[in-house]
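Reviewing the structure listed below.
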Amino acid sequence: MKVALKLYNSLTRQKEDFTPVVEGRVGLYVCGPTVYSDVHLGNCRTFISFDLIYRYLLYLGYKVRYVRNVTDVGHLEGDVDTHDAEDKISKKARLEQLEPMEIAQKYTNGFHEMMHLFNVLPPSIEPRATGHIPEQIEMVEQIIANGFGYEANGSVYFDVPAFIEKYKNYGQLSGRVVDDLLQETRDLKNQSEKRHPADFAIWMKASDEHIMKWNSPWSVGFPGWHLECSAMSTKYLGERFDIHGGGNDLKFPHHENEIAQNIGACGNTPANYWLHTNMLLLNGKKMSKSDGNNITPVELITGNSPHVSKGYSPMTVRFFTLQSHYSSQLDLTDEALAAAEKGFRRLMEGNKALQSFVGSKDGNKPLDAEIDALINGSFSEMADDFNAPKALAKLFELVTIINKLNDKHLSFDDVSNDCIERLKNCFSDFIFKIFGLSDESTNDGGGVVDGLMQLILDIRSDARTNKDWTTSDKIRNALSSLKIVVKDNKEGSSWVKE
RNA sequence: GGUUCCGUGGCCGAGAGGUUAGGCAGAGGUCUGCAAAACCUUCCACAGCGGUUCGAAUCCGUUCGGAACCUCCA
């Protein structure tokens with residue numbers, strides 16, 4: 001199914017037709033996590049959003065090289081200008097009395113586990129900053145050679161005014177006004193080695209107590225935060241690739257500086273299209289550890305948080321994020337999650353019913369056109385800047401048709417088998433391959449639990465046939481206290497974990 | 001203060017000049033030994049005030065409210 005893909009380019013602030021650099025292939029770079037603590041729930045939303053984008057590109061038949069880095073050095077916290085800043089990984093290593101690489105590994109592992117829970121596909125390449133020190137040093141050299149970097153006391157800074165003079169367009173992504181930047185009145189702190197407040201470090205000299213450091217032409221030190229993405233995207237995707245993504249919060253300074261570095265080093269803007277995902281709010285407010293308005297992925301799943309009345313499964317959370325557009329803020333509330341949980345179940349049950357359908361043999365029946373239109377509609381919504389909520393709405397309209405057929409409110413005589421087969425394929429492709437959902441209700445497929453449950457339900461079914469309501473209710477109540485819901489249908493009984 | 005963006009029914013959330021978004025909840029009904037579940041039907045809307053237009057939730061102005069970045073926090 002070839003459709004013209006449109007996407008909203010943050011760089012131009014316009015929706016544009018997508019044309020890859022090399023036909024049939026897509027180079028996609030997404031800024032990954034800084035692995036100094038457990039992954040933030042908002043970060044999970046970002047990676048779920050890009051997973052959807054990745055999956056849809058794959059579904060369209062593109063050969064996608066998806067690069068998502070791990071930042072394990074260079075991301076500082078504190079005041080850079082006064083050298084009070086400390087590397088996030090190093091700081092955590094000091095506090096936990098571990099090697100920095102142990103910290104990076106520990107939280108990388110945790111991050112991977114969480115991504116797996118949310119059914120996020122692994123990227124094609126997951127490079128880490130510490131594994132690409134030579135590439136970063138090389139890029140600093142290029143930047144200096146091109147006149148956009150200067151050394152001071154063993155550190156190297158990107159010369160923003162020099163860059164502006166040549167290229168004029170610094171700040172395009174984040175809407176910064178060049179003149180304002182140049183005239184910035186903020187005083188440089190005495191200790192600062194920077195010539196201009198807007199300059200930023202691309203190589204930093206390490207202090208004696210600093211653990212993570214490497215030899216370089218300028219000092220024993222470490223690369224600046226933004227540099228790893230520039231170096232690694234260039235290495236694996238080339239000087240000019242298709243899509244660069246990340247969270248909205250990274251637009252400035254991270255992505256702006258990345259662009260400047262790439263242009264400064266290679267003369268090329270790195271990516272043709274920039275995609276930014278929006279923030280996840282909790283009860284209408286930004287998540288913040290300090291004021292308690294915060295929930296971790298684990299707390300959300302287990303329900304161990306004052307912000308939720310119960311735990312929500314990873315797929316419920318994933319479904320929840322699909323109901324909004326990736327570029328909109330999404331407000332996480334207990335009520336909204338409970339609604340998502342039910343909606344998710346309705347979608348999955350609809351698919352289950354659908355997969356057993358058989359239509360009429362002869363082609364072209366009255367309902368075919370309506371069904372086809374909804375299927376095609378859901379695909380074209382996805383092609384329009386990955387509009388999952390709109391596509392999902394169409395899928396739910398299909399669910400209503402499916403249920404009507406199932407309940408004989410509509411007749412199978414009015415649907416051709418071709419149409420049913422197409423619907424079966426497209427519907428399950430959509431929810432499993434594109435949306436990346438999975439059915440959690442019946443795990444343990446064919447295992448011991450399923451066998452036992454079948455036995456129990458058979459016994460209850462016999463009791464009901466004999467109008468032995470005492471036994472049948474006893475079984476139902478006992479299962480209910482184990483959080484298993486028994487569902488009685490015309491064809492018999494089934495069960496689902498609450 | 002600067003740069004972006006948003007305010008949609010009880011809740012979440014699409015849409016974007018004239019047409020039903022969708023999910024959840026509510027109401028009515030079907031089914032059922034009872035119930036639950038499931039299914040069907042259905043009510044409720046575009047922050048306030050001006051303006052443009054034959055027509056505005058959608059465009060413009062303005063007021064109020066919220067969010068992000070600029071400063072450690074995804």
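The sequence lines fix the lettering, A, B, ..., with proteins before strands; numbering per chain opens at 1. All heavy atoms count here, side chains included; hydrogens, waters and symmetry mates do not.
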Rounding to the closest angstrom, what is the interatomic distance between [N] and [M] at atom [atom1]?
N     : M     : atom1 : answer
B:G15 : B:A21 : P     : 14 Å
B:A38 : B:A57 : C1'   : 35 Å
B:A45 : B:C12 : C1'   : 14 Å
B:A74 : B:G55 : C1'   : 44 Å
B:U41 : B:G18 : C1'   : 27 Å
B:A16 : B:C46 : C1'   : 11 Å

OP1 or OP2 of B:C73 less than 4.0 angstrom from a side-chain nitrogen or oxygen of A:K88, does that happen here?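 Yes, such a contact exists.
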So, is A:K251 near the phosphate of B:C5, with a side-chain N or O under 4.0 Å from OP1 or OP2?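 No, A:K251 has no side-chain N/O under 4.0 Å of OP1/OP2 on B:C5.
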Would you indicate which nucleotide in [options] comes nearest to any side-chain atom of [X]?
X      : options             : value
A:S324 : B:C73, B:A14, B:G66 : B:A14
A:L330 : B:G23, B:G13, B:A67 : B:G13
A:S472 : B:G2, B:G33, B:C12  : B:G33
A:F396 : B:A68, B:G23, B:A67 : B:G23
A:W469 : B:G33, B:U4, B:G23  : B:G33

To the nearest Å, how far apart are [X] [atom1] and [N] [atom2]?
X      : N     : atom1 : atom2 : answer
A:F200 : B:U71 : CZ    : P     : 13 Å
A:R13  : B:U4  : CZ    : P     : 6 Å
A:M348 : B:G23 : CE    : P     : 17 Å
A:R176 : B:C5  : CZ    : C1'   : 13 Å
A:N283 : B:A67 : CG    : P     : 13 Å

Only Watson-Crick and G-U wobble pairs with both distances less than 3.5 Å should count. Give RNA chain B in dot-bracket notation, marking inter-strand partners with |. (((((((..(((.....[...))).(((((.......)))))....(((((..]....))))))))))))....
Just how far is it from atom CD1 of A:I53 to atom OH of A:Y326, taken to the nearest 0.5 Å?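 Nearest 0.5 Å value for the CD1-OH distance: 5.5 Å.
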A:H40: what forms a side-chain hydrogen bond (donor to acceptor under 3.5 Å, both in side chains) with it, not counting sequence neighbours?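 For A:H40 there are no side-chain hydrogen bond (donor to acceptor under 3.5 Å, both in side chains) partners, ignoring immediate neighbours.
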For a quick check under 3.5 Å, do A:Y29 and A:N69 share a side-chain donor-acceptor pair by atom type?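 A donor-acceptor contact under 3.5 Å links the two side chains.
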Residues that A:R13 engages under salt bridge (charged side-chain N to carboxylate O under 4.0 Å, His left out), provided they are two or more places apart: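 Checked A:R13 against salt bridge (charged side-chain N to carboxylate O under 4.0 Å, His left out); zero matches.
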Listed by chain and number, what are the ring-ring contact (aromatic ring centres under 6.0 Å, His included) partners of [X], not counting sequence neighbours?
X      : value
A:H409 : none
A:F357 : A:F412
A:F427 : none

Go through the steps for A:L437 and A:L322 under the test side chain to side chain contact (heavy atoms under 4.5 Å, CB included), then give the verdict. CA-CA 10 Å; A:L437 298 166; A:L322 291 171; 4.0 Å; yes
Between A:S49 and A:T46, does the side chain to side chain donor-acceptor pair (under 3.5 Å) criterion hold? Intermediate values first, please. CA-CA 5 Å; A:S49 295; A:T46 296; over 6 Å; no
Students often get this wrong, so: under 4.0 angstrom with heavy atoms, is A:K394 touching a base, only sugar-phosphate, or nothing?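 The residue A:K394 makes no contact with any strand.
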Kindly list each side-chain donor-acceptor pair under 3.5 angstrom involving residues 390-402 of chain A, sequence neighbours excluded, with atom names and distances?
residue: A:T400; atom: OG1; partner: A:R346; partner atom: NH2; Å: 3.3
residue: A:T400; atom: OG1; partner: A:F396; partner atom: O; Å: 3.3

Are A:R318 and A:F435 in a cation-pi setup, meaning NZ or CZ lies under 6.0 angstrom from the ring centre and within 45 degrees of the ring axis?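 Judged by the rule, A:R318 and A:F435 form no cation-pi pair.
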NZ or CZ of A:R176 within 45° of A:Y170 ring axis and under 6.0 Å: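 No; the conditions do not both hold, so A:R176 does not lie above the ring face of A:Y170.
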Interface residues of residues 33-46 of chain A with RNA chain B (non-hydrogen, below 4.0 angstrom):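 Of all residues in residues 33-46 of chain A, the ones placing a heavy atom under 4.0 Å from RNA chain B are A:Y36, A:H40, A:G42, A:N43.
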Mind running a 4.0 Å heavy-atom check of residues 333-341 of chain A against RNA chain B and sending the residues that fall below it, in number order?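 RNA chain B contact set from residues 333-341 of chain A: A:E335, A:A336, A:A339.
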For a quick test of reading the model, state the closest non-hydrogen atom pair linking A:S230 to A:S233 and the distance between them.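 Reported closest heavy-atom pair: O-OG, 3.3 Å.
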Write down the atom of A:P223, the atom of A:L227, and the distance for their closest heavy-atom approach.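 For A:P223 and A:L227, the tightest heavy-atom pair comes out as CB-CD2, 4.3 Å.
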If a protein heavy atom is under 4.0 Å from the base, mark B; if only from the sugar-phosphate, S; if neither, -; do that for nucleotides 35-46 of chain B going 5' to 3'. BBB-SSS-----
Protein-nucleotides 15-20 of chain B N/O pairs under 3.5 Å:
residue: B:G15; atom: OP1; partner: A:N387; partner atom: ND2; Å: 3.0

Test: side chain to side chain donor-acceptor pair (under 3.5 Å). Region: residues 332-341 of chain A. Which pairs qualify, not counting sequence neighbours?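 Listed once each, the pairs are A:S309-A:D334, A:K310-A:E341, A:Y312-A:D334.
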With distance as the sole test, does A:D51 use its side chain to make a donor-acceptor pair with the main-chain N or O of A:F47 at under 3.5 Å?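 Side chain of A:D51 to backbone of A:F47: no pair is present.
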When you look at A:V39 and A:Y107, which way does the side chain to side chain contact (heavy atoms under 4.5 Å, CB included) test go after all the steps? CA-CA 8 Å; A:V39 62; A:Y107 293 113; over 6 Å; no
How do A:D331 and A:G175 order along RNA chain B: which one's closest nucleotide is nearer the 5' end?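 With A:D331 and A:G175 compared, the 5'-side residue is A:G175.
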